[in-house]
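What follows is a set of notes on a single structure, which appears directly below.
Indexing begins at 1, ligand by ligand and atom by atom, following the structure's order. Owing to the predicted nature of the structure, the values given are computational and were not obtained by experimental measurement.
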Amino acid sequence: MKLHWHILVAIGFGIKRNWHIFLALIGGIIVGLLYPFQAGEATTFHEILLFIGQGFIKIIQMIVVPLVVSAIIVGIASLGDSRQVGKIGMKMVAYYALITLIAVVIGTTLALLFKPGKDFNPKIDARQSQMVQDKVEALKENTSKINVPALILSMLPGNAADPDAKAENQPDTIIFQALISLIIFGCAFASIGEMNRPVVSFFESVFAATMKVTDWIMIVATPGIFSLTAYYVAKAGFDTIKDLWLYASVILLGLFIQLLITYPVLLKLFSKIRVTSLYQAITEAMMVAFGTASSSATLPITIACCERRAGISSKICSFVLPLGATMNMDGTALFQSIAVIFIAQAYDIHLTPLMIVLIGLLAIVASSTSAGIPSAGLITLALIVQGSLKLSVEEIGQAYVLIFAIDRVLDMFRTLINVTSDAVVASLVAAGEGELDYEFLKNQEVWKEVV
Ligand code: ASP
């Protein structure tokens with residue numbers, strides 16, 4: 001318990017360094033609760049909030065593509081040879097998979113224990129509920145079939161200039177395709193030795209410039225984060241939050257377990273990193289993640305915090321963090337496993353142990369194919385419902401609408417967790433490779449500004 005207080009105090013100190021962002025968050029929550037609005041009835045005040053918030057997200061997103069491209073090329077090229085890339089890549093994937101697996105186990109256990117969907121069963125139309133139950137019962141015999149070869153094919157890059165291929169691709173698969181191309185080209189640049197200098201120097205300049213733009217953007221972070229928080233809390237409204245308090249509390253409890261137990265235990269087991277120092281180093285990234293609900297938009301700040309404060313070498317940051325911002329979504333996986341069980345409980349569907357395992361596995365896959373943008377996890381949730389319960393979004397419409405109504409606020413929390421775990425994994429990989437400067441992490445005097 002003592003450690004948890006230390007962690008909260010550390011985050012408190014991190015907040016103090018940039019208290020105006022924290023005030024923007026709290027102010028946004030208060031204003032949002034005081035001035036709620038019903039869907040389709042936003043006032044001019046709400047529209048202004050949305051305008052400022054979206055403007056902030058747009059300028060931040062402007063730098064994500066150049067940042068990811070330059071970071072991965074420079075990161076991989078500076079790792080030297082492909083064997084080194086492979087070794088670090090394997091470690092990264094193993095940590096990301098482990099952290100997501102733990103999240104899913106926590107989410108599933110809490111959902112089964114607290115049964116957040118039970119209360120909603122009377123609110124669901126009885127006929128609809130019966131139809132859904134009959135359908136699930138009839139399909140229980142069939143084991144789920146996910147078309148694995150088609151999934152793998154959709155992730156392979158192919159010819160980027162082919163207009164037909166472009167038309168059939170989904171945003172999530174495009175991101176995967178782009179990452180795979182970048183990794184392959186990064187390895188190629190690494191293996192051609194000195195000849196890569198012109199290209200690598202070019203991308204080093206691009207990377208440095210995007211980090212400079214990040215510093216400028218952070219000047220307007222306070223109004224941006226205030227507006228986003230106020231607008232989305234106002235949109236959710238106190239009544240929805242109140243109605244769904246058990247569902248929301250179970251998700252928040254799970255996310256806090258990740259933050260206060262899972263990460264500290266992993267850091268203790270696999271490194272000598274003090275969790276309080278790490279959290280203090282990345283508090284700005286946590287706050288921006290909360291405000292924007294986007295891991296990708298937070299990426300520049302996550303990189304800045306990890307490099308300038310956490311003492312993680314820039315090659316590890318440039319490789320592990322951009323991939324984490326798109327692939328590592330443990331907070332999302334935790335939310336998805338709870339949400340699917342919530343739906344099953346709301347419709348009084350009996351879940352067999354096999355179905356529960358399937359929900360967990362699908363949550364791991366679906367979360368890692370979610371883009372690092374707001375509500376991405378809500379979209380891929382439909383895949384899990386389809387894969388495990390064989391139900392479409394229309395069939396479970398009543399429960400989906402409830403989940404949708406409160407999603408943005410929960411998205412803020414799960415994005416905070418997604419971003420924190422990216423930094424935790426980057427620091428674990430760096431510690432294992434001798435790429436983490438412990439003295440630097442411990443000594444706040446030498447930390448550099450992020451905002
Ligand atoms: N908003 C989340 C992120 O960017 C993804 C999600 O769960 O919707 O990390």
Next item on the list: Would you mind checking which non-hydrogen protein atom is closest to atom 8 (O) of ligand 1, with the distance to 0.1 Å?
Entry: G377 N, 2.7 Å
Next item on the list: Please identify which atoms of ligand 1 are closer than 4.0 Å to at least one heavy atom of M329.
Entry: 9 (O)
Notebook entry, point to check: In terms of atom number and element, which parts of ligand 1 are under 4.0 angstrom from non-hydrogen atoms of T415?
Noted result: 1 (N), 2 (C), 3 (C), 4 (O), 9 (O)
Notebook entry, point to check: Against heavy atoms of S294, which atoms of ligand 1 measure under 4.0 Å?
Noted result: 4 (O)
Margin query: Just to be sure I'm reading this right: ignoring hydrogens, which of R408, R414, M412 gets closest to atom 7 (O) of ligand 1? Compare them by their nearest heavy atoms.
Written below: R414
Checklist line | S375 contact mode with ligand 1 (heavy-atom cut-off under 4.0 Å) | finding: backbone
Check: For the residue pair Y231 and H46, does the interplanar ring angle fall in the parallel (under 30°), tilted (30 to 60°) or perpendicular (over 60°) class?
Finding: perpendicular
Check: Hey, do the aromatic rings of F335 and F342 have their centres closer than 6.0 Å?
Finding: no
Notebook entry, point to check: Should the ring pair Y95 and F270 be called parallel, tilted or perpendicular, given that the plane angle runs from 0 to 90° and is split at 30 and 60?
Noted result: perpendicular
Item checked: side-chain contact (heavy atoms from CB on, under 4.5 Å) between I73 and F207, worked out -> CA-CA 10 Å; I73 299 273; F207 182 74; over 6 Å; no
Margin query: I want to know if ligand 1 touches L378 in the polar sense, i.e. an N/O pair below 3.5 angstrom.
Written below: no
Notebook entry, point to check: Between R309 and E284, does at least one N-O distance fall below 4.0 Å, as a salt bridge requires?
Noted result: yes
Margin query: Check D407 with K235, please: is the shortest side-chain N to carboxylate O separation under 4.0 Å?
Written below: no
Next item on the list: Name the option, out of I417, L334, D411, V419, that contains the heavy atom nearest to atom 1 (N) of ligand 1.
Entry: D411
Checklist line | Those atoms of ligand 1 less than 4.0 Å from some heavy atom in T332 | finding: 5 (C), 6 (C), 7 (O)
Item checked: Any donor-acceptor N or O pair under 3.5 Å, side chains E395, S392 -> yes
Margin query: Quick check: A293 and ligand 1, any N/O pair under 3.5 Å apart?
Written below: yes
Note to self: R414 vs D330, test: salt bridge (Lys or Arg N to Asp or Glu O under 4.0 Å). Steps then yes/no.
What the structure shows: CA-CA 8 Å; R414 64 179 187 255; D330 56 334; over 6 Å; no
Margin query: To check your reading of the model: name the closest protein heavy atom to atom 9 (O) of ligand 1, its residue, and the distance in Å.
Written below: S295 OG, 2.4 Å
